[in-house]
Asks: 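First, the structure itself, so that you have it in front of you.
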Amino acid sequence: MQIAASDFSERETLFVEVVLPLSLAINYTYRVPFELNEVIAVGKRVVVQFGKHKIYTALVKSIGTTPPEHYQAKYVIDVVDDYPVVTPKQFEFWEWIVSYYLCNEGDVMAAALPTGLKLASETVLLLKEEQPEEVELNDKEKLILEVLQKQHRISIDEVASLLGQKTVYPIVNSLIAKEVIVAAEEVVDKYKPLLKSFVKLNVFYLEEENLRQLFAQLEKAPKQLDALLGYLKLSKDKGYIPKNQLIEESGCGQAALKALTDKEIFYVEKRPVSRLSSDGEIFDVNFKLSEHQQAALDQVNQQFEHKDVVLLHGVTASGKTQLYIKLIEEAIATGGQVLFLLPEIALTTQIVARIKLYFGNKIGVYHSKFNDNERVEIWNKVLNGAYQVVLGARSAVLLPFNDLRLVVVDEEHENSYKQYDPAPRYQARDAAVVLGHLHQAKVILGSATPSLESYYNAKIEKYGLVELNERFGGVQLPLQEVVSIAEETKRKKMVSYFTSVLADDIAEALEKKEQVILFQNRRGYATILICATCGYAPKCVNCDVSLTYHKSSGKLHCHYCGYHQSSINVCPACGSVHVEQKGFGTERIEEELSLIFPDAKIARLDLDSTRTKNGMQQIISDFQEKKNDILIGTQMVAKGLDFENVSLIGVINADTLLNFPDFRAFERSYQLLAQVAGRAGRRDKQGKVCIQAYADDHRIIKQVIDNNYEQMYEDELEERRQFHYPPFSRLIFINVKHKDANVLNLAAQTLANNLRAQLGKRVLGPEQPLVSRVRNYYIKQIILKIERTAAMQKVKTVLVDTIRDFNAQKDFRSVITQIDVDPY
DNA sequence: AGCACGCCGACT
DNA sequence: GTCGGCGTGCTC
């Protein structure tokens with residue numbers, strides 16, 4: 001219901017349906033106190049109490065006059081915003097996400113709003129002003145009281161850690177009953193505008209005569225005179241100038257400024273400033289599109305006339321970015337907004353810098369490395385239209401666009417567009433297509449190796465298709481070679497993990513002072529430790545996985561839950577000292593390499609070496625500045641990085657990719673290998689790619705070498721057709737979890753049976769997933785494979801209802817079920 | 001999510 | 001007996 005508050009007479013009682021930022025199945029209704037009738041509006045945030053204590057900011061979704069039938073609604077405590085922070089279009093979009101990905105509206109709200117816009121209360125305890133004369137207190141109560149007498153307030157969490165126990169409310173409540181303390185809910189407004197001091201000259205001195213007198217007056221205070229001169233020079237027509245800038249540029253010092261302020265010659269005022277640095281300059285990067293690019297651009301625009309979505313299949317280095325820039329320019333020329341989605345990892349790289357340079361302060365960047373205050377500012381700037389272009393990762397689709405004209409999804413095949421853990425488990429590329437549709441915007445999906453789904457959509461003419469096959473500026477394709485590890489092993493030519501071919505290539509590149517990137521899709525030092533005597537391998541205590549040995553920490557780590565323990569030299573099972581390392585990761589490669597090439601400077605790029613905020617940026621820029629000769633990395637090295645001086649790319653072991661048990665494994669291997677290969681040799685020199693593999697005659701490797709995407713697509717599509725995988729069907733995974741393996745087995749079987757009763761052979765499983773226990777929860781998976789022609793919404797309704805009924809059964813109440821639509 | 005309520009094992 | 005952990009239900 002979309003009714004403006006002003007449509008109601010002042011004394012009418014209003015009720016609002018609100019979304020809470022929690023994973024709840026329904027929305028809740030609150031009553032609006034009369035005095036807020038005027039200011040309440042859809043899309044504004046309100047402060048409400050939810051449950052016994054907690055206070056949250058909820059979002060007004062609709063306003064009505066009918067009171068709820070079966071309960072007394074609580075009052076809205078306050079209205080937070082002067083203007084709506086969520087637009088009607090967003091609510092519409094959220095509803096689509098809820099119904100398509102089968103999650104709750106609160107999940108979407110929690111994911112969409114930056115934390116700064118989601119205040120929640122914290123319970124704090126305060127001493128009661130009038131203390132009772134005689135009370136009996138036990139030791140714990142006395143302890144709390146003592147602390148309170150010292151610091152006047154204490155939070156519930158602090159009480160818990162003070163007493164060293166989890167249950168604290170009985171004690172707290174007893175203290176309240178004894179009238180010793182009171183509890184209060186403190187709402188912390190998390191967003192704090194950044195305040196900076198600004199200096200302004202008293203308007204009195206704007207008169208020339210007064211100013212002359214002031215100069216005379218300050219003659220004996222040279223520092224103050226400096227400050228005044230500095231101010232006059234900097235201020236020009238602006239009244240306020242930043243205090244630190246004045247001090248720095250005039251060299252007047254704090255004291256002089258303070259003296260002037262005390263004399264009321266200057267006024268100092270704190271004003272909110274933006275954290276988002278913008279130099280405000282718009283660079284005129286005047287580039288010309290090549291003939292091929294211009295042709296492709298024309299085709300895109302042509303296709304946009306009758307298609308809303310166009311897939312741009314452009315080989316690596318074909319200059320897709322320039323096309324995007326032209327399209328963005330056209331879209332914003334008439335005042336519209338543009339969303340440019342990139343995989344998270346690519347956001348720290350050159351492409352962003354290039355586009356930022358080009359569009360100046362019209363552009364906002366949004367990704368997970370931004371802190372919360374910055375995100376709130378971006379949110380507001382998108383909402384009020386200050387940003388016309390937003391460059392962002394997955395979650396940027398949830399920003400409050402007003403007038404979206406174009407959506408660009410670069411590297412559309414990247415699986416990081418799919419959110420896996422918490423709900424909403426959405427695919428940002430697909431959501432972007434829907435968002436585009438809501439705004440009647442055009443959508444362009446770009447990739448050198450499109451996802452099978454998108455390419456299929458283009459082939460059946462659901463999407464437009466534009467091919468860009470020419471490498472920009474005549475960049476040559478790299479020389480590619482495949483080396484059989486098996487063969488080299490047989491001939492005893494392997495040098496640790498390197499075939500003689502790769503080792504020679506590396507030596508040659510180093511000789512020529514060119515850089516090398518080595519790709520190994522596994523981090524850590526050795527994959528696992530294994531006892532050569534009894535076969536024992538240390539496993540995680542919380543998860544069903546073997547631990548990985550990390551040499552830098554000297555510990556065994558679990559990559560699923562973060563558990564780690566010290567390493568073992570002696571087998572705990574049989575006492576044998578023959579504990580061996582099996583498999584190898586990036587760390588191990590790094591070490592082996594430094595033995596073979598002791599003079600080479602080697603860096604490593606993986607999750608472990610990039611934990612800190614600027615870790616990755618540092619490693620990348622060091623490599624760009626040629627501080628290192630060789631960069632070893634996981635997938636990270638493949639994505640969006642351009643290094644001018646890299647002449648050799650080595651793939652240590654392609655088999656680990658190909659052998660991944662997933663129906664998309666071959667497609668992904670192709671994409672990854674093609675992308676890795678694309679990193680070699682830009683501009684003038686021809687690069688080299690060396691792929692090591694046991695399965696050296698694998699068709700995927702051949703197709704990568706031949707740069708034959710089309711053939712890969714045909715082969716894969718045939719496989720998918722035969723085995724009824726997407727795009728010929730839709731998949732929904734249902735993950736069932738429980739702490740007790742027996743309960744889980746029964747539960748998963750029961751749920752599968754219940755589903756099968758209604759959906760028949762579309763239901764597969766329950767199956768044991770690759771990792772069957774994570775963080776102490778056992779996991780089973782039920783898979784729904786639904787034919788393209790089925791009524792999807794009906795199937796989803798059946799699914800949700802069945803799970804609801806299942807969870808209502810006594811024995812299965814504590815069973816956790818997660819639905820993952822279109823898993824990746 | 002986070003709190004209350006109620007059941008049940010461990011410890012003074 | 002009582003304290004505290006843990007499972008379950010509910011929140012407008």
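Please read these numbers as outputs of a predicted model, since none were measured by experiment. In the text below, chain A, chain B and the rest are named by the order of the sequence lines, each starting its count at 1.
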Asks: Are A:Arg429 and A:Glu414 close enough for a salt bridge, meaning some N to O gap below 4.0 Å?
Replies: no

Asks: Can you tell me if NZ on A:Lys555 sees more than 12 non-hydrogen neighbours from other groups inside 6.0 Å?
Replies: no

Asks: Please output the side-chain donor-acceptor pairs of residues 86-94 of chain A that fall under 3.5 Å, not counting sequence neighbours, one pair per line with the distance.
Replies:
from    : atom 1 : to       : atom 2 : distance (Å)
A:Thr87 : OG1    : A:Gln90  : N      : 3.2
A:Gln90 : OE1    : A:Thr87  : N      : 3.0
A:Gln90 : NE2    : A:Leu398 : O      : 3.0

Asks: Does some side-chain heavy atom of A:Val736 sit less than 4.5 Å from a side-chain heavy atom of A:Ile779?
Replies: no

Asks: Compute whether any side-chain donor of one residue and acceptor of the other, for A:Tyr417 and A:Arg394, lie under 3.5 angstrom apart.
Replies: no

Asks: Tell me: OH of A:Tyr71 to P of C:dC10, nearest whole Å?
Replies: 15 Å

Asks: If you pin A:Lys810 and A:Ile26 to their nearest nucleotides in DNA chain C, which one's is more 5'?
Replies: A:Lys810

Asks: Decide, applying a 5.5 Å centre-distance limit and a 30° plane-angle limit (both strict), whether A:Phe50 stacks on C:dT11.
Replies: yes

Asks: Rounded to whole angstrom units, what separation is found between the CG atom of A:Asn807 and the C1' atom of C:dT8?
Replies: 12 Å

Asks: Show me the protein contacts with nucleotides 2-4 of chain C, counting only N or O atoms at under 3.5 Å.
Replies:
from  : atom 1 : to       : atom 2 : distance (Å)
C:dG4 : OP1    : A:Lys140 : NZ     : 2.1
C:dG4 : OP1    : A:Gln165 : OE1    : 3.0

Asks: Show me the protein contacts with nucleotides 3-7 of chain B, counting only N or O atoms at under 3.5 Å.
Replies:
from  : atom 1 : to      : atom 2 : distance (Å)
B:dA4 : OP1    : A:His53 : NE2    : 2.8

Asks: In whole angstroms, how far is the C1' atom of C:dC6 from the OH atom of A:Tyr777?
Replies: 11 Å

Asks: Does A:Glu95 have any salt bridge (charged side-chain N to carboxylate O under 4.0 Å, His left out) partners at least two apart in sequence or in another chain, and if so, which?
Replies: A:Lys61

Asks: Quick one: A:Ile816 CD1 to C:dT8 C1', roughly how many Å, whole number?
Replies: 13 Å

Asks: Table please: side-chain donor-acceptor pairs of residues 815-823 of chain A below 3.5 Å, with sequence neighbours left out.
Replies:
from     : atom 1 : to       : atom 2 : distance (Å)
A:Thr817 : OG1    : A:Asn807 : ND2    : 3.4
A:Asp820 : OD1    : A:Lys418 : NZ     : 2.5
A:Asp822 : OD2    : A:Tyr100 : OH     : 2.7

Asks: Got a sec, which pairs hit ring-ring contact (aromatic ring centres under 6.0 Å, His included) with one end in residues 730-756 of chain A, sequence neighbours left out?
Replies: none

Asks: Could you tell me how far apart A:His738 (NE2) and C:dC6 (C1') are, to the nearest whole angstrom?
Replies: 12 Å

Asks: Which whole-number value in Å describes the distance from A:Gln49 CD to B:dG2 P?
Replies: 15 Å

Asks: Should we count CD of A:Glu35 as having more than 12 external heavy atoms under 6.0 Å?
Replies: yes

